[in-house]
Amino acid sequence: MDKTISIVATGDSFITQRLPHNDPNLQKLRDYLMKHDVRFTNLEVLLHNFDVYPSATSGGTWSAARPQVLSDLKWLGFNMFAWANNHTLDWCHNGLLSTRKYLEEAECIHAGAGINLAEASQPRYLDTPQGRVALIGTTSTANDWHRAGAQRPDVLGRPGVNALRYNAIHKVTKEDLARLKSIIGKTEINAKRMLDEKEGFAKKQSGFIVGTLHFEIGEPGTETRMNEQDAERIRQSITEASRQADVVLVSHHGHEMKGMDKDRTADFMREYAHMCIDSGAHAYLGHGPHILRGIEIYKSRPIFYSLGDFIFQNDSVEKQPTEFYDIYNLGPTNTPSDGFDARSENETKGLVVDRRVFESVVVSFNIFQGNIKAINLTPISLGFEFGRSRRGRPQLSSVEDGVRILNDLQRLSNEFGTVMDIKDGLGIINI
């Protein structure tokens, strides 16, 4: 590649409202995005007209939007979409297939979900005058049945997401493990697991297994490790993409955290991000927890552990299924607003009162001959101060807000040794 490819990336686009094209704040943001060859976002809604069956459980909110919002995202300039996340199966397989249909009809480059595992895990390519860019979409936050299934000669594959599973090992002292075994042994908590092992329906593992919880003797704490089978499949996709494209981007949606610190990534995510770069990815684009996480420069390539939100309108989903109302002891005469008010206790708790959810950055960088010399960070604000009707729509931040957002991001990046220069409300990381 002897030409420079410019890339701009955002976090989650949980869009449920139409974007007014005559909004001057959106127009300024659009002008900025359109200066780049590659314009990425994570699509965190299912596209349909509420003519598909809802799942019994969801990723938190049964995420859905009318298909027309896709035209607004394209108007903003986005030309690469990931859509593997914890909401991809909120509306069962038909919700996934409907979203896929609208993405295809709009001629979008999209990755991370599909009609089977081969399609969900395949790289998708954007051809620009400057070169070819590959996108691989992955998620670690998904129910087990959300995983796409591999096609066999005699059985169809299953629609789903390109999932990265992980294993959590809970370390306890020898004495605590003995006490735990004693307590469990006096109950029937683990009876089914033990019977499943005896009858061959569950695989025996090292350590002590309670249901799906894995305990071992060691320094007290919890370690998470990426699933090697999934990691190897993704590694192969990255290797394939690096042979077919000039630039490879890996998108990863993950809510998993270190302890109860939402702004700190789980152990396996760092392991996974390094694997992606080692395998040939030029950048790791993380999102999921709805807040920013730190930035690491690994082997001169950026790892964005979470880019936070770009659009966040999850309290404006038009309709919700019965199971949503059941959570809050509401009935058939209640409305979505009743449910959202109950969830937030009239907007006194939860995501709606967390300013971090409604502040983020847009990152941009140029790639020339595989090298990145600098990363530009442009803060955005999503209207935290507005009510539900306007909250969640992005605009470029003021200088004052920008400095505060970037200072917080610098603090989160300190553990990775990343240094950010901040001036006039904008940031730059020199590599």
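None of these values were measured; they are calculated from a predicted model.
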Point-to-point distance, once rounded to the nearest 0.5 Å, from [atom1] of [X] to [atom2] of [Y]:
X: Phe304; Y: Leu377; atom1: CZ; atom2: CG; answer: 7.0 Å
X: Leu249; Y: Phe40; atom1: CG; atom2: CZ; answer: 8.0 Å
X: Ile184; Y: Met194; atom1: CD1; atom2: CE; answer: 10.5 Å
X: Arg158; Y: Leu117; atom1: CZ; atom2: CG; answer: 8.5 Å
X: Asn430; Y: Thr418; atom1: CG; atom2: OG1; answer: 12.0 Å
X: Arg147; Y: Asn162; atom1: CZ; atom2: CG; answer: 11.0 Å

So which atom in [X] and which in [Y] form the shortest heavy-atom distance, rounded to 0.1 Å?
X: Leu46; Y: Gly95; result: CD1-O, 3.4 Å
X: Ala241; Y: Tyr125; result: CA-OH, 3.6 Å
X: Gly218; Y: Lys171; result: C-CB, 4.0 Å
X: Pro123; Y: Ala134; result: CB-CB, 4.5 Å
X: Pro379; Y: Leu426; result: CD-CD2, 4.1 Å
X: Ile297; Y: Pro302; result: CD1-CA, 4.0 Å

If you define the side chain from C-beta out and look only at heavy atoms, does anything of [X] sit under 4.5 Å from [Y]?
X: Thr224; Y: Glu256; answer: no
X: Asp341; Y: Arg388; answer: yes
X: Arg39; Y: Phe81; answer: no
X: Lys299; Y: His274; answer: no
X: Gln395; Y: Ile380; answer: no

Do [X] and [Y] meet the criterion of a side-chain donor-acceptor pair at a distance under 3.5 Å?
X: Glu240; Y: Gln236; value: no
X: Thr61; Y: Arg343; value: yes
X: Thr139; Y: Asn85; value: no
X: Glu323; Y: Thr57; value: no
X: Glu359; Y: Ser381; value: no
X: Tyr272; Y: Thr138; value: yes
X: Tyr284; Y: Ser251; value: no
X: Ser13; Y: Thr41; value: yes

Using side-chain hydrogen bond (donor to acceptor under 3.5 Å, both in side chains), reason through Ser6 and Asp37 one step at a time and then give a plain yes or no.
CA-CA 5 Å; Ser6 58; Asp37 303 310; 3.1 Å; yes

Atom [atom1] of [X]: over 12 foreign heavy atoms under 6.0 Å:
X: Glu400; atom1: CD; value: no
X: Phe386; atom1: CZ; value: yes
X: Glu104; atom1: CD; value: yes

Has [X] got a side-chain atom pairing as donor or acceptor with [Y]'s backbone, closer than 3.5 angstrom?
X: Ser360; Y: Leu307; result: yes
X: Asp230; Y: Asn227; result: no
X: Gln313; Y: Gln17; result: yes
X: Thr99; Y: Leu47; result: yes
X: His36; Y: Tyr32; result: yes
X: Asp263; Y: Arg293; result: no
X: Thr265; Y: Met257; result: no
X: Asn143; Y: His146; result: no
X: Trp91; Y: Ser98; result: no
X: Asp246; Y: Arg132; result: yes

Aromatic ring proximity, centroids under 6.0 angstrom, Phe50 and His48:
yes

Looking only at the aromatic ring of each residue, does the gap between the centers of Phe340 and Tyr328 stay below 6.0 angstrom?
no

List for me each residue that meets side chain to side chain donor-acceptor pair (under 3.5 Å) alongside Asn366, sequence neighbours excluded, and say none if there are none.
none

Considering residues at least two apart in sequence or located in another chain, which fulfil the side chain to side chain donor-acceptor pair (under 3.5 Å) criterion with Lys349?
Glu345

Can you name the residues that form a salt bridge (Lys or Arg N to Asp or Glu O under 4.0 Å) with [X], not counting sequence neighbours?
X: Glu228; value: none
X: Lys74; value: none
X: Asp326; value: none
X: Lys262; value: none

Could you tell me which residues satisfy ring pair (Phe, Tyr, Trp, His ring centres under 6.0 Å) with [X], sequence neighbours excluded, listed by chain and number?
X: His110; value: Trp83
X: His253; value: His255, His287
X: Phe14; value: His87, Phe312
X: Tyr325; value: none

Walk me through whether Glu271 and Arg225 qualify under salt bridge (Lys or Arg N to Asp or Glu O under 4.0 Å).
CA-CA 8 Å; Glu271 176 190 17; Arg225 305 168 187 165; over 6 Å; no

Give me the ring orientation class for His170 and Phe215: parallel if the planes are under 30° apart, tilted from 30 to 60°, perpendicular past 60°.
tilted

Using the ring of Phe368 (Phe, Tyr or Trp, six-membered ring only), decide whether Lys373 places NZ or CZ under 6.0 Å from its centre and within 45 degrees of its axis.
no

Going by the rule side chain to side chain contact (heavy atoms under 4.5 Å, CB included), which residues pair with Ser344 if we only count those two or more places apart in sequence or in a different chain?
Glu347, Val352

Which residues pass the side chain to side chain contact (heavy atoms under 4.5 Å, CB included) test with Ile109, not counting sequence neighbours?
Met80, Arg124, Leu126

